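Each chain gets a letter, A, B and so on, in the order its sequence line appears, and its residues count up from 1. What you are looking at is a predicted structure, and each value in this text was computed from that prediction instead of being measured.
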Amino acid sequence: MTGFVGALVEAWDELRIHKLRVLLALIGVAVAVAAITGVTAAVQMLSQAYQEQFDRDMGRQVTVAVDAWAQGEQSAPPAALATEYARVLERYDITWASRDLATQVPFRFPDGTRPTEVRAVDPDLGTMQRIQVVEGRWFDDADVDALAPLLVVNRAFLDRLGASDLSEPLTVQLGDVTPVRSRVVGLVEDRWRGAPPEAYVLYDQLTRWYTPDAAAGFYQPAPTLKMWVPPEIVDDLTPRLRSEIGAAVPGWEVGTYDNRSTGGAALDGATRWVALGVGAFALLLGGLGLVNIALVTVRYRIREIGIRRSFGATSGRVFVGVLLESVVATVVAGLVGVVLAVAAVKAIPADVMFGGLQDRPPFPVSAALIGMACATGVGALAGILPATVAVRVKVIDAIRY
Amino acid sequence: MSMLELRDVTRDVLLPDDRVLHILRGVTLSVAAGEHVAVVGRSGTGKSTLLNILGLLDGPTSGEYLLEGTPVTALSNRRRTRLRGRDFGFVFQQFQLLPGRTALENVTAPLLYASGRQFWRRRDLAAAMLDRVGLGDRLDTMPDKLSGGEQQRVAVARALVRGPRVILADEPTGALDVETGQQIMDLLDDVASETGAALVTITHDLAVAARAQRHYRLAEGVLVPVDVGTGARVADWVGDVPTHLPAARADVPELGPSVPAAVQP
């Protein structure tokens, strides 16, 4: 016990006294650990940004979608399909689900009534596809019963209305034959530069307030049903959905697809390994610098080691002492590196760089631990050589010179 | 029983050209607890080798070394090292303080190899010992800010802080002026008699040697008792090569670190 504590105390004293040389040697180690930890954190953030972008386009993992197409004149009405959708959600206890129908609805803009892209959805879609409302709000469940249709629009839509923000209450006439005054409650950014005006509306509200021109309807569009489900049930769920929904609406073709095969995790592999490789290389260089400096200083310290031998320092103690110096130093450097990495990661303006993260990944503790472990290992390796030299010091020679 | 006893100890060194250099030739010496023994001799007569063997820093080529009646030459390196730390205190000619560490830290250093109370209370013990050698107000001073006499006091405090049973002083006054040297020797004598430690002083300074109770002269690797009481002139101690021994070293060049030649003034 006292032996170990003594060795630690001694190692710390050595470091304290040789601050400068230790500092120089350790900058490399600290930078390497900071690089390993920081890059891992940055890559995680980038992956998250990539994933979120993907989620916005394709839905979160795993989103199962059910589509239905009417096959002929005798097809059952879409109302039967809507009932069946509600039934399967209940039956399979699916928490997150949304109908999604892309259609065109006329709106009365200051420059005239124009058919406009509309997505008729349920409130859950906001979470399922990470829809980011930059102003106002997304729909909630109570909105279904609102007395007038509510809209979440993109910026192009807002521009066409001649408004710049939602600070003033904003309404727009929806429909052409029997228009209804609808209220804009939320704003989203355009999905790409130059995107056309688009609006989200709740599916139930749209069907309540607006009926597409019957004349156009030899073909009745049915909404897609999107469900966010745990990956393990997908294979079991999709065939059941196809057969059950197909049986409930005769004359309709029912298809399902899921987004498991696309996107996700692409950055985790290669990029991460490259980052770790660079960090490991930096760590190696730092370690070599440490070996170099430690070897030189052991030569300088031969006398000191001899004096310690006269105090009763055993070979083992001298070996461990020199080794520990290196280890204690690299552990401290590793800590500094982790602190640097934390500071750097906190300082990354994720909103600017990645276009806004909804779920900022937590600081990669595992990477920090791995970095610390590597630093300690490098310290031990770097210490072995000078420690071996130190043990070979002949006491008498050391003191006489 | 003697505190330490050498019986017919020899120390040979193999030179690079395969010749054998006999540094010590049958040294027999016995020192009792509380006794002060001085060994004098010219440079290159094996004084330092003798001290290294006494301090378990070096082993004899043949002969026996008993510490309180227990042979130590056959002990493992580790045991000898522990014994050295516990029972021996060294005072060197060039002080050999650890650079960059305060007086207190220097005196604390040996206690890092102790255990139990000595280890955990090391700062208090070191401070008390520095106070004892008269440096109670210089605890946090670096060695290079201390005078030679003060540095040697720190070294004495460091040698004594673990309460050794043998103090080995190698030219303790060699780097000091006469008066300061006297003070250091007073201190060593006092502390040795206070604690009952055996004190072995190796010196070429006759005034220092004269303070001891018994005196030896080391010449050509042979230890000869000198009886000051018989009225022999002090200058005779150091003498020349004894006539009954062949001048074995006359043709030996100064070689290797273990040949204690040309180092001492």
Whatever's closer than 4.5 Å to a heavy atom in chain A on B/R158 counts as side chain
Is B/R84 reaching over with its side chain to a backbone N or O of A/R309, donor-acceptor style, under 3.5 angstrom? yes
Contact winner vs chain A - B/Q94, B/E105, B/R86, B/R82, heavy-atom pairs under 4.5 Å: B/E105
Working to the nearest 0.5 Å, report the span between OG of A/S310 and CG of B/D170. 11.5 Å
Do A/R317 and B/T81 pass the side chain to side chain contact (heavy atoms under 4.5 Å, CB included) test, and can you show the C-alpha distance, the side-chain angles, and the key distance before you say yes or no? CA-CA 11 Å; A/R317 181 67 179 269; B/T81 305; over 6 Å; no
Let me see the working for A/F311 and B/R162 under side chain to side chain contact (heavy atoms under 4.5 Å, CB included), right down to the final yes or no. CA-CA 9 Å; A/F311 299 157; B/R162 281 187 76 179; 5.8 Å; no
Among B/G85, B/P110, B/G89, the residue with the most heavy-atom pairs under 4.5 Å to chain A is B/P110
How many angstroms lie between atom OG1 of A/T314 and atom OH of B/Y113, to the nearest 0.5 angstrom? 8.5 Å
Does any heavy atom of chain A fall under 4.5 Å from the side chain of B/F119, the backbone, both, or neither of them? side chain
Closest contact, heavy atoms only, B/L97 versus A/I307: O-CD1, 4.5 Å
Does any backbone or side-chain atom of B/A159 lie under 4.5 Å from a heavy atom of chain A? Answer side chain, backbone, both or neither. neither
Using 0.5 Å steps for rounding, measure from the CD atom of A/E10 to the OG1 atom of B/T108. 11.5 Å
